[in-house]
Amino acid sequence: MSGSAHGHTPAAWTGVIISFIGFCIAGVFMVAANVPGFWAGCGVILLGGVVGLGMKAAGLGMPKQSQAVAEARESATAAIRSAA
């Protein structure tokens, strides 16, 4: 995945950071035995996913590959493997 820069976009980073904050909120309120606070943290987790998808739809995620780019990548990978 590192070769394709999977997840290295503003949409991915923002969604993960918001979800992480939600996990922290839910964890703190779970230990404190506060049910509404726990569910609020779960809501923040879901919000992170919605924000990430919204940013991706707005063009801040990974662009889709064209067929030509996918074929070029496959042929380059095959050439590297056959040379090794």
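Residues take their numbers from the sequence shown, with the count starting at 1.
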In a table with atom names and distances, give each donor-acceptor pair under 3.5 Å that connects a side chain of residues 19-44 to protein atoms at least two apart or in another chain.
unit_1 : atom_1 : unit_2 : atom_2 : d
Ser19  : OG     : Gly15  : O      : 3.0
Ser19  : OG     : Ile45  : O      : 3.3
Asn34  : OD1    : Gly37  : N      : 3.0

Checklist entry - What closest approach, in Å, do Leu60 and Pro10 show between heavy atoms, and which atom pair accounts for it? => result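 That would be O-CD, 3.4 Å.
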
Checklist entry - What residues, two or more places apart in sequence or in another chain, satisfy side-chain contact (heavy atoms from CB on, under 4.5 Å) together with Val51? => result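 side-chain contact (heavy atoms from CB on, under 4.5 Å) list for Val51, sorted by chain: Thr14, Ile18, Leu47, Met55.
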
